[in-house]
Structure formats: structure tokens, C-alpha cells
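Working notes, structure below.
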Amino acid sequence: MEPIFITDVAPRDGLQNQPVHLSTADKLQLIGLLAGAGVASVEASSFVSPKAVPQMADAAELLQQLAAAQPSLRASVLVPNLKGLERAVAAGAREIAVVLSITDTMNLKNINMSLEQATAASADTLRQARSLGLATRAYLAVAFECPFEGVTPLPRLRELAAAMLAAGAQEIVVADTIGAAAPAAVRERIDALAEVVPLAQLAIHLHDTRGMALANAWAALEAGVRRFDASAGGIGGCPFAPGAAGNLATEDLVLMAEASGYSTGIDLDGLLAAVEFAETRLQRSLGGGASRWLRRQRERRQAAAHAKGG
Ligand code: COA
Ligand code: ZN
């Protein structure tokens, strides 16, 4: 079976926008459950302004404790600028991600920089991170549609992808921040990006606002993408992008990929345990189709065991 590579972004993209703030210990337990399920890579936190995102204020503590608890787990952290990189490096980060939106307005709302400033800041951060030997990812946010400026221009997306690659991004993450993509647009944009970025270095980050995340993931797979962001239970959403709903659920992606002949290395029952832990802590129900199916399977197994036991 051909492998696909999944980064679970629940600890960052998932938790950054929740009304309930998880403690560092609970975040570590969630990441531990993900790692226990076979998740090899997570986005652990972000080194952003704690005023902008109070849920991520414990990034340094979390990263230090995570390195001790899960030394072989790949843990990326989002950094918006050189100050974020400096804080991440001091906390022992080995992998960072910058976030560049494709539009002026989204950059202003998210990181208080114009498109030009954000492009320069992201490139500087990537260059500095590579010179320190860190692994690097670059998010291209609102890669399909911007909540403020509408459909984003594909030539600009390509240009910025090429610029981030040249600045040292080892992975270009095409992000459908508000969940506005459809499979045909995914195909079109991935095909166009593949002309400037090697497919092996392209990843896709999807949100399920309109129920199309899984279909979009399939379109990306068919276009040759093998790297995916997803979030256990579908927890997610950007606080600065109105309308952004939850992420593509990791369990939905794993189930679809495994049922279609791709290997993920991730165990679905283990993933369900992580989703159910997040449910108890966030005090709301989570998960999509795959979670419902996994829970029904478990109930059937339990009923069968009960009947057998008399
Ligand atoms: N981490 C922590 N603090 C930071 C920081 C970082 N990466 N970058 C800047 N700061 C601090 C500055 O030191 C300064 O602190 P002070 O008021 O105590 O002097 C303060 O933030 C303002 O600095 P400035 O450079 O003017 O930043 P800003 O107010 O223009 O905000 C960001 C810019 C990028 C820091 C802020 O918009 C941000 O953190 N955005 C996060 C967005 C996000 O996480 N979005 C979701 C994920 S895509
Ligand atoms: Zn996202």
C-alpha cells in the first residue's frame, strides 16, 4: 500500500479557537493519545502573541514537556515572525511553520501585516529557521477563497508558493482556511502549483465548512498530493477568518485512505480514544462520519460480547 503522511493539527488549529481553554497537561494527554494511535506528526502549538490567541500562551512549556514525553514525535509549531521563531527555538522547536495569506486583508487581520510585509517576514523567518537547521513548512492561507476579498488569484498563489520554496520552505501547505474549495478547484490549483513546487513537497490543509473536505482530500490525492493536515474529531477554525468551521477530521481521512489502498500508520480505534478525550475536555460532541461508524462498530462488538457471555 502506498503511504500518505498526515499531520494532526488539532492541538493548534483545533484548540486555538475553542471557548474552553485546555490546560497544558490536557493538551499533552491529547497529543499522547494521538501519538499512541500512530500519528507521527502534529502541529503542537503556535508562538504568536498571547493577546491575539490566549489558548496558545503555554507554547513554550508545552513544547518542552512534549519533547520529554514524546521524543520521536514530529512536532511543528506555527510562528508568524522572527520573534516567534526566537521563542520557538528557545523552547527547543525542531520544526516551524510560517503563515502567509494570499490576500492583503487576510494578512492584516491575521498578523497585522500587508501582503508585502507578510511575504518578507515569512521569507526571513524561513531563511533564519533553515540556517538554524530547523525543518520548515509554509502555510499559504486562503489559497482558494478569502473571507474579505473573495476567490484568490491563482497566479499570485503560484508566485507566493515559489517564493516560499525559494526562501527555504521544505513543505508548502495549501490551506483552504475557510472551507470554500470544491474538488474541481483543488485539482486545478494543485496541478498549477505542481508546476512550481515538487508534488512531494506539497501538502493540503482543508476545512469542512461546506461538507466538502473529504471530497477535496480525494481530489488532492488523485492530483498526487500525499501530505495532509487533518484534525482529530474535526476540531478547528481560525479566529481571524469569519466563517471558518472545523477541519477535515483525521479519522475520516484515515478511513477513506485505508479503504482505498493507502496506508496511514494510524489506528482508528486509537484515534477515536483521542477524539473522545477531546470531547470530555471541550464539553461538546466531535467527529464526523467515521467517528459515528467507529462508535457503532464498538457498540456491536460490545453487544455481541455481552450476548456471548450470557
Ligand atoms: N509571540 C509573542 N509575542 C509577540 C510575537 C510573537 N511571535 N510577535 C510580537 N509579539 C509582541 C511584541 O513583542 C509586542 O509586545 P509588547 O506589546 O509587550 O511590546 C507586541 O506583541 C506587539 O508587537 P508587534 O510586532 O507590533 O505585533 P502586532 O501587534 O502587530 O501583532 C502578531 C503581530 C503577528 C504578533 C499578532 O498579530 C499575532 O500573534 N497573530 C497571531 C495570528 C494567529 O495565530 N492566527 C491563527 C493562526 S493562522
Ligand atoms: Zn486551518
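Note that ligands are numbered from 1 as they come in the structure, with each ligand's atoms numbered from 1 the same way.
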Which protein non-hydrogen atom lies closest to atom 40 (N) of ligand 1, naming both residue and atom, and how far is it? Asn110 O, 3.1 Å
Among all protein heavy atoms in this structure, tell me which lies nearest to atom 32 (C) of ligand 1, with the distance rounded to 0.1 Å. Ile111 O, 4.2 Å
When you check the space around the Zn ion (ligand 2), which protein N, O or S atoms turn up under 2.8 Å? Asp13 OD2, His205 NE2, His207 NE2
Rounded to the nearest 0.5 Å, how far apart are CG of Leu30 and CG of Asp8? 7.5 Å
Distance (rounded to the nearest 0.5 Å) between Glu61 CD and Leu66 CG: 12.5 Å
Do any nitrogen or oxygen atoms of Asn81 lie less than 3.5 angstrom from nitrogen or oxygen atoms of ligand 1? yes
Asp13 versus Ser231, side-chain donor and acceptor atoms under 3.5 Å: no
If you measure every N/O of Asn112 against every N/O of ligand 1, is any gap under 3.5 Å? yes
Same cluster or not: Val53 versus Ile178, using hydrophobic residues (I, L, V, M, F, W, Y) connected whenever any side-chain heavy atoms lie under 4.5 Å apart? no
Under 4.0 Å from atom 20 (C) of ligand 1, do we find at least one protein heavy atom? no
Taking atom CD1 of Ile172 and atom CD1 of Ile204, what is their separation to the nearest 0.5 Å? 13.0 Å
Gap between atom CG of Asn17 and atom CZ of Phe240 - 0.5 Å precision: 8.5 Å
Are the charged groups of Asp176 and Arg189 less than 4.0 angstrom apart, N to O? no
With a heavy-atom distance limit of 4.0 Å, tell me whether Ala52 approaches ligand 1 through its side chain, its backbone, both, or neither. side chain
Among Asn216, Asp229, Thr177, find the one that has a side chain to side chain contact (heavy atoms under 4.5 Å, CB included) with Leu206. Asn216
Let me confirm one number: the CG-CD distance from Leu271 to Glu276, rounded to the nearest 0.5 Å. 10.5 Å
Indicate whether atom 7 (N) of ligand 1 is within a distance of less than 4.0 angstrom of some protein heavy atom. yes
Counting only heavy atoms on the protein side, is anything nearer than 4.0 Å to atom 42 (C) of ligand 1? yes
When you compare the side chain of Leu248 with that of Asp208, does any pair of heavy atoms fall below 4.5 Å? no
In terms of side-chain geometry, is the basic nitrogen of Glu145 or Arg210 positioned less than 4.0 Å from the acidic oxygen of its partner? no
Under 4.0 Å from atom 48 (S) of ligand 1, can you find at least one protein heavy atom? yes
Closest protein heavy atom (residue, atom, distance) for atom 36 (C) of ligand 1: Ser49 CB, 4.2 Å
What atoms of ligand 1 come closer than 4.0 angstrom to any heavy atom of Val48? 1 (N), 2 (C), 6 (C), 7 (N), 39 (O), 41 (C), 44 (O)
Which of the listed options, Gln55, Gln117, Lys83, Met56, holds the heavy atom that is closest to atom 10 (N) of ligand 1? Lys83
Only heavy atoms of Val53, strictly under 4.0 Å: list the atoms of ligand 1 that pass. 43 (C), 44 (O)
Check each atom of ligand 1 against the heavy atoms of Phe240 and keep those under 4.0 Å away; list them by number with element. 42 (C), 43 (C), 45 (N)
Compute the shortest N/O to N/O distance between Gly84 and ligand 1 and return yes if it is under 3.5 Å, no if not. yes
Please report whether atom 25 (O) of ligand 1 has a protein non-hydrogen atom at a separation of less than 4.0 Å. no
Can you tell me how far apart CG (Asp26) and CZ (Arg281) are? Round to the nearest 0.5 Å. 4.0 Å
Close side-chain approach of Leu199 and Ile190, heavy atoms under 4.5 Å: yes
Give a yes/no verdict on whether any heavy atom in Lys51 is under 4.0 Å from an atom of ligand 1. yes
Checking heavy-atom distances from atom 2 (C) of ligand 1 to each of Met113, Arg12, Arg87, Lys109, the winner is Arg87
Answer yes if a protein heavy atom lies under 4.0 Å from atom 15 (O) of ligand 1, otherwise answer no. no
Indicate if Leu62 and Val20 have the same hydrophobic cluster label, given that clusters are the connected sets of ILVMFWY residues with side-chain heavy-atom separations under 4.5 angstrom. yes
Quick one: side chains of residues 77-87, donor-acceptor pairs under 3.5 Å with protein atoms, not counting sequence neighbours, listed by atom name and distance.
{"residue": "Asn81", "atom": "OD1", "partner": "Lys83", "partner atom": "N", "Å": "3.4"}
{"residue": "Asn81", "atom": "OD1", "partner": "Gly84", "partner atom": "N", "Å": "2.8"}
{"residue": "Arg87", "atom": "NH1", "partner": "Val48", "partner atom": "O", "Å": "3.1"}

